[in-house]
Amino acid sequence: MTQNSQNTQHTQGMHGMQDMQDVRSRGNTSASTAESTTVPTVVSTTASTTVSTVVVTGASGRTGSRVAAVARAAGLTVRAASRARGFDWQDRSTWEPVLRGADAAYLVYPTDVGAPDAPEAVGRLARAAVGLGVRRLVLLSARGEEQALPTEEALAGSGAQWTAVRAAWFAQNFSEGPLLEELRTGGELVFPGGEVREPFVDVRDVADVVVAALTGGDRYARRALEVSGPRLLTFDEAVAEVAAATGRELAYRAVSPRDYGERLAGFGVPPEEVEFLVELFTSLLDGRNAHVSDGVRQVLGRAPRDFGDYAREAAAAGAWTV
């Protein structure tokens, strides 16, 4: 889930599991200028696992752009991999030029990590990377998404030193991603979140954890790291915090996953994608993720960024200004 355009901006990049991607969210490609780049505090390497060159797929997207920035700030050489730079997940001939000579790679599947074609594609790319000597691979996955497990298993079976970063729903979906336009121009968010509570995670924390995992040697190898924000909010409460930060009257209207799917179909989303998303939202928004995870503190030694701070920073940067 990652695209742009009217029909897809309502469907992607929402969850940690999916950058909804990044790669295809061309309308939301850069981090806010109000954000500062931080360097992860946990970077433990050994002579045999030192990382100097990192491939970043989805490098123009919400997490990829920030991973690239944090990696550069840490002194790493970044190879940005995107369609604009000649990299295509569906064209294996484009993989070797990007991967050869690199030490590690950040993998973001361009539709959703739980998409039916994701396990095969991620597995093939991972095996190709290992064959070229790129053994340290970090995958953007999703907290609580059962559909993502086959993709994680494909990565684990590649022979790589792998890490899966399972992220909660991104805070930045409200200011950069698929939820932005309804809030900014219409003043209302229509979404199948009900009253479920979610610990929205700041994508800057996701990026910091990813770079720590990429450069951490064996410390985070063969592990899944779950990252979230520090507190639980309903979508209604999150919108209220955005409203308070902007000084605007904003509302949230809950609908069922099926009704939301009908809205997506009206925007032109293909029927097979609608069905996938209806199933995905039905499971992800059933309350299974109504708990916080300690991955940010575990890896970075600090608390995750709070949603309220994010909302105030994004508002000051003009994210919801009409």
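Not measured: the values here are computed from a predicted model. Any value given below was found using the heavy atoms of this structure, including those in side chains, with hydrogens, waters and symmetry copies removed.
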Is there a side-chain contact between [X] and [Y] (heavy atoms, below 4.5 Å)?
{"X": "Thr50", "Y": "Asp103", "result": "no"}
{"X": "Thr151", "Y": "Tyr109", "result": "no"}
{"X": "Thr234", "Y": "Tyr252", "result": "no"}
{"X": "Gln147", "Y": "Asp112", "result": "no"}
{"X": "Arg222", "Y": "Gln161", "result": "yes"}
{"X": "Val201", "Y": "Arg143", "result": "no"}
{"X": "Val296", "Y": "Arg305", "result": "no"}
{"X": "Leu285", "Y": "Pro257", "result": "no"}

Measure the acute angle between the ring planes of Phe191 and Phe235, then classify it against the limits of 30° and 60° as parallel, tilted or perpendicular.
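Tilted, since the angle between the ring planes falls between 30° and 60°.
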
Hey, what's the ring geometry for Phe200 with Phe174, parallel, tilted or perpendicular (30° and 60° as the breaks)?
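Perpendicular: the ring planes of Phe200 and Phe174 meet at over 60°.
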
Would you call [X] and [Y] a salt bridge, taking side-chain N to carboxylate O under 4.0 Å as the test?
{"X": "Glu262", "Y": "Arg258", "result": "no"}
{"X": "Arg263", "Y": "Glu182", "result": "yes"}
{"X": "Glu146", "Y": "Arg288", "result": "yes"}

For the pair Glu313 and Arg204, evaluate salt bridge (charged side-chain N to carboxylate O under 4.0 Å, His left out) and give the outcome as yes or no after the intermediate values.
CA-CA 13 Å; Glu313 291 171 11; Arg204 292 171 292 181; 2.9 Å; yes

Is there a continuous path of hydrophobic side-chain contacts, each under 4.5 Å between heavy atoms, that joins [X] to [Y]?
{"X": "Phe276", "Y": "Val255", "result": "yes"}
{"X": "Phe87", "Y": "Leu137", "result": "yes"}
{"X": "Leu189", "Y": "Leu232", "result": "no"}

Of the non-hydrogen atoms in [X] and [Y], which two are nearest, and what is the gap between them?
{"X": "Asp205", "Y": "Leu300", "answer": "O-CD1, 4.3 Å"}
{"X": "Ala148", "Y": "Val113", "answer": "CB-CG1, 3.6 Å"}
{"X": "Ser141", "Y": "Ala164", "answer": "CB-CB, 4.4 Å"}

Under the criterion side-chain contact (heavy atoms from CB on, under 4.5 Å), which of Val56, Val55, Val54, Leu99 is the partner of Arg79?
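With Arg79 as partner, Val56, Val55, Val54, Leu99 yield a single side-chain contact (heavy atoms from CB on, under 4.5 Å), made by Val55.
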
CH2 of Trp162 to CG of Leu155: how many Å apart, nearest 0.5 Å?
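Here the interatomic distance stands at 7.0 Å.
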
First locate atom CD of Gln172, then atom CG of Leu180, and finally report the distance between them rounded to the nearest 0.5 Å.
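Gln172 atom CD to Leu180 atom CG measures 12.0 Å (nearest 0.5 Å).
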
Are Thr63 and Tyr106 close enough that a side-chain donor and a side-chain acceptor fall under 3.5 Å?
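The criterion, which ignores hydrogens and geometry beyond distance, is satisfied for Tyr106 and Thr63.
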
Have Arg136 and Thr163 got a donor and an acceptor in their side chains that come within less than 3.5 Å?
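Arg136 vs Thr163: donor-acceptor pair found between side chains.
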
